[in-house]
Structure formats: C-alpha cells, structure tokens
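Both counts, for ligands and for their atoms, begin at 1 and track the order of listing. If you're wondering where the values come from, they're calculated on a predicted model, not measured in any experiment.
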Amino acid sequence: MSLLKEKLAAILPEQVSSIKQFVAENGSKVVSEVTLAQAYGGMRGVKGLVCDTSEVPPQKGLIIRGFELSQLTDKLPEEILFLLLTGVLPSPAELKDLQNDLKEREEVPEYVWNVIDSMPESSHPMTYFNTAILVMQNESKFAKKYEEGINKSDYWVYTLEDALDIIAKVPAIAAYIYRKKFNKGARIESNKNFDWGKNYVHMLGFEDKEDKFANLMRLYLTVHTDHEGGNVSAFSAGTINSALSDLYYSLSGGLNGLAGPLHGLANQECLGWVLETMESFGGVPTEEQIEKMTWDTLNAGQVIPGYGHAVLRVTDPRFTAFHNFGKAHCANDPVFQTVDRVFKVVPEVLKQVEKIQNPWPNVDAGSGSLLYHFGLKEFSYYTVLFSVSRSIGIAAQSVIARAYGLPITRPKSLPTSKFKDLVSK
Ligand code: CMX
C-alpha cells in the first residue's frame, strides 16, 4: 500500500465519525439564509457546500488546509496533492513514494492517442483534453468495482485509485495535445527521472537546461490546483461525482466548465487582450492608452478578462505569486511590462463602475505573460495548463467527498411564480 493511502486509511475513519457526530448534534442549526437576489444571482455567498481541502476568504484569498498560498509557492504540485488529501505536507519519504506511485501509473492507453489523432484539427485544445479524459473512463477502477458490488466505505479507495491514475497521465496527454495541435512534431516520451512539473515541460518539448521554465511550471501547477468547492469546475465535477459517476466522467464534466471565458478560459482571453492592446499602440502602451483601451472594452459591453471575482474582494494571491515571479525572472519582457502596467490602471477604472464588486486582478491576469516569455505563445492552450493543475484539486475533493459519504447533490429550484408567492408572503 502506498504511504499516501496508508495515511488516509489511518486518518479518515476518525474524521468521518467526528463529522457524523457534529452533524447529528447540530443538524438543525441555521448556517445561511438565501435572499431572492441570491437565488437569481448564481447563489453567490450561499453557504451550502462542504469543502475541507481549501477555502477562499474574500479578504485574503486561497488557503489550502490552513496554509496561505504565499507559504506554498516553493512546493511541488505533488506536495500540494498530498496536502489537499491528508491535511499535512508530505515527509521526504512520503513525497518520493507518491512520485514513484505516479510514475508507475503514467502510461496512457494507446486508444487515447488514436482518439486525439482522429479529432478535427480545428478543435479547441480544451475539447481535445476533456475528450481524452472522458474516453479513458474505460479504465475506471471505481466503475469496475461498483459494478462488482463494493461497500460504501470503500468508495474513497477506488476514487483515489482513479485520481492517481488520472493525475499520473494528464501531463503526457496535455503535452501531446500541444504538440499535435500546434505542429510541434512527434510525441515525446516521459522522463522517469523528472518530477511531475518538469516532466510536463520536457514532454511539451521545451529546451530548459537551467530549469527556469520548469520552475514556472511547478509554480503554475501548484497555484491552480484548488479554489474551494463552489467554483464552476469544482462544483460541476463534485455534483457529477455525487451521483457516483466516476472521476473520469466528473473531471471531464467539471473541466468543460473551466473552458468557459468567465472561468478558466479567461487566461487565454486575458493574454489576447494584452497583446491586442500592445498591437494597437505599437509596443508597451502608456497608462493613458491602457485606460482608453479599458473604457473601450467596457463600453463595447465586454468584460476585462483577468479582473473581478465572484468571491474575492482583494488582489488574488495567485496573481501576486505570478507577479512576483515575473518581477524576478522577466522584468524587462514587454508583455510582462504591459501586464504590470495594466495592473496599475485597470483596477482604478473598474472602481469607477459601480456594479463591479471586485476591481482587482484574479489568477488569470498575469500567468499568460510568463508562459509567453518562456516561448509557450499559443494562448488558446493556456486553459489546458490550468486544467492539468485543477485535476489535482477536483480529484482530492472527490476522494474526500466519497470518504465522508456525502449524498447526491440536489438543491431545490422553484419557478418564478413560486418565488413571487414566497416574496408576497
Ligand atoms: N469587466 C467588466 N465587467 C465586469 C468585470 C470585469 N472584469 N467583473 C465584473 N463585471 C460586471 C459583471 O459582468 C456584472 O455585470 P452585469 O450585472 O451587467 O451582468 C457586474 O459587473 C457585477 O459582477 P460582480 O458581482 O462583480 O461579479 P460576478 O461574481 O458576477 O462575476 C466574474 C465574477 C469573475 C465572472 C467577473 O468578474 C468577470 O466576468 N471577470 C472577467 C472574466 C475573468 O477574469 N474570469 C476568471 C475568474 C477566475 C477564474 O475562475 O479563473
């Protein structure tokens, strides 16, 4: 048994029984109320979901198992996976064991390459990626065991099996999609000596002798893993998984949500907006030019990608992590300089638009300029990178949900006529 599984097997029973007792003793207490505006407003702020892997206080941003993001930016994504699942960072031996386990699971079934090869070349990289995950549902150990008939108390065990199988395989799949879609040449085999992030850079096909791109990739993959349970990708995946659809079904479904421009696709849109601004003004624009471009975009009835957030009310610490990396490693790059200047100007403009609740940058505002600097310039690919990382958080949330025995998700909807009745009473 892997050290991760051993640890989970040791800690989960105690956690599950304490949650059961907590709910039994306090089940009737009111924790949230819902206004009509919230019912028509995407349930913003309604406290009706449980997520123990991470939380996002509006004035602080991402906290993973008690660690602020700034305390985790030097950690590997594999360490974050261990932390999300167990609540503690791995020891060196536990990390090595997890990395070895992932290496053993990384071979991608041949039919996945064939499916990718048979898709229309014009398909978006996210369509390739989510299709590849879905087609691998054929491999689900959870689905096979469920069909055989397993005890509910073992659901988490086989969800963990699927989680590790998927996490081990996604870098190779994502890298191949990049090479195929953008005509970069044949598939590159994994290097067994590299960690998860460095191996991804290797399979994408980038020369990286000093590990500079690998360091960005490790940061990128660490930063995007998890963002509590209510965001579109995690919530959708969690809802699908709650029906006991296995992790292949649920992850693919959740990541289809990440492919939306108001969610993960904003990183592609954001770099597009930055490059368009540079092109309009023939280089790094002045603050006045950025202000004009911002108003032009708003007046055209469009959003400024990379800015605003449904929960956050401060600068996203994930943006800060990338901004700091950029200041240290590519301060003279014109695209990074533009992003830096946009950060000075856009919040001041958005503050003037009364309806916008958060004028500050989110995770998608800065990452693209760093990838661009290292030569990954095909920005329609950026949401795939986000997805590779988010697979970790979604997988961890599903393992925990199945261990807790959370039931099928089923909030209540009402027609407008019933809401009118409720309000008039
Ligand atoms: N540019 C222009 N208008 C914006 C805006 C922005 N960056 N952010 C919010 N608004 C607008 C909303 O569209 C909304 O307008 P309407 O009432 O006309 O529909 C109004 O301001 C109120 O929105 P809000 O309550 O401040 O924000 P929401 O919780 O409704 O939406 C989000 C949050 C992220 C969808 C929104 O800020 C947005 O569209 N941002 C740009 C896209 C983006 O960067 N998404 C990535 C988020 C992070 C991620 O998930 O990856």
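By the definition of a contact as any protein heavy atom under 4.0 Å away, atom 19 (O) of ligand 1 is not in contact. The presence of a protein heavy atom under 4.0 Å from atom 4 (C) of ligand 1 is confirmed. In this structure, atom 12 (C) of ligand 1 has no protein heavy-atom contact shorter than 4.0 Å.
Summary of contacts: the protein heavy atom closest to atom 10 (N) of ligand 1 is Ile356 CG1, 3.6 Å. The closest protein non-hydrogen atom to atom 33 (C) of ligand 1 is Ala310 N, 3.6 Å. In terms of protein heavy atoms, atom 22 (C) of ligand 1 is closest to Lys355 O, 3.3 Å. Nearest to atom 48 (C) of ligand 1 among the protein's heavy atoms is Asp364 OD2, 3.6 Å. Protein heavy atom nearest atom 41 (C) of ligand 1, with residue, atom name and distance: Tyr307 O, 3.3 Å.
Residue Phe386 has no nitrogen or oxygen atom sitting less than 3.5 Å from a nitrogen or oxygen atom of ligand 1, judged on distance alone. Considering backbone and side-chain atoms alike, Gln302 places every N or O at 3.5 Å or more from each N or O of ligand 1. For a threshold of 3.5 Å applied to N or O pairs, the pair formed by Leu262 and ligand 1 contains at least one separation below that value. Where the criterion is an N or O separation shorter than 3.5 Å, residue side chain and backbone included, Val303 fails it with respect to ligand 1. Considering backbone and side-chain N/O of Arg318, none are found under 3.5 Å from N/O of ligand 1.
Set against the non-hydrogen atoms of Gly306, the atoms of ligand 1 under 4.0 Å away are 43 (C), 44 (O). Listed by atom number, the atoms of ligand 1 under 4.0 Å from Gln357 heavy atoms are 24 (P), 25 (O), 26 (O). Per-residue contacts place His309 under 4.0 angstrom from the following atoms of ligand 1 (heavy atoms of the residue considered): 33 (C), 34 (C), 37 (O).
For the ligand labelled ligand 1, residue Asn231 lies outside the 4.0 Å heavy-atom shell.
Ion pairing between Glu94 and Lys96 fails under the 4.0 Å rule for side-chain N and carboxylate O.
By the 30° and 60° cut-offs, the orientation of the rings of His323 relative to Phe319 is parallel.
Contacts of Arg44 with ligand 1, taken as heavy-atom pairs under 4.0 Å, involve the side chain alone. With a 4.0 Å heavy-atom cut-off, ligand 1 is reached by the side chain of Asn362 but not by its N, CA, C or O. Residue-level proximity to ligand 1 for Leu298 is carried by the side chain, the only part with a heavy atom below 4.0 angstrom.
Which of Gly308, Pro261, Pro347 comes nearest to atom 42 (C) of ligand 1 through a heavy atom is settled by distance: it is Pro261.
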Could you walk me through whether Glu68 and Lys60 pass the salt bridge (Lys or Arg N to Asp or Glu O under 4.0 Å) check? CA-CA 9 Å; Glu68 290 187 19; Lys60 208 167 221 171; 3.5 Å; yes
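Within the 6.0 Å centre-distance limit, the rings of Phe419 and Tyr40 are counted as a close aromatic pair.
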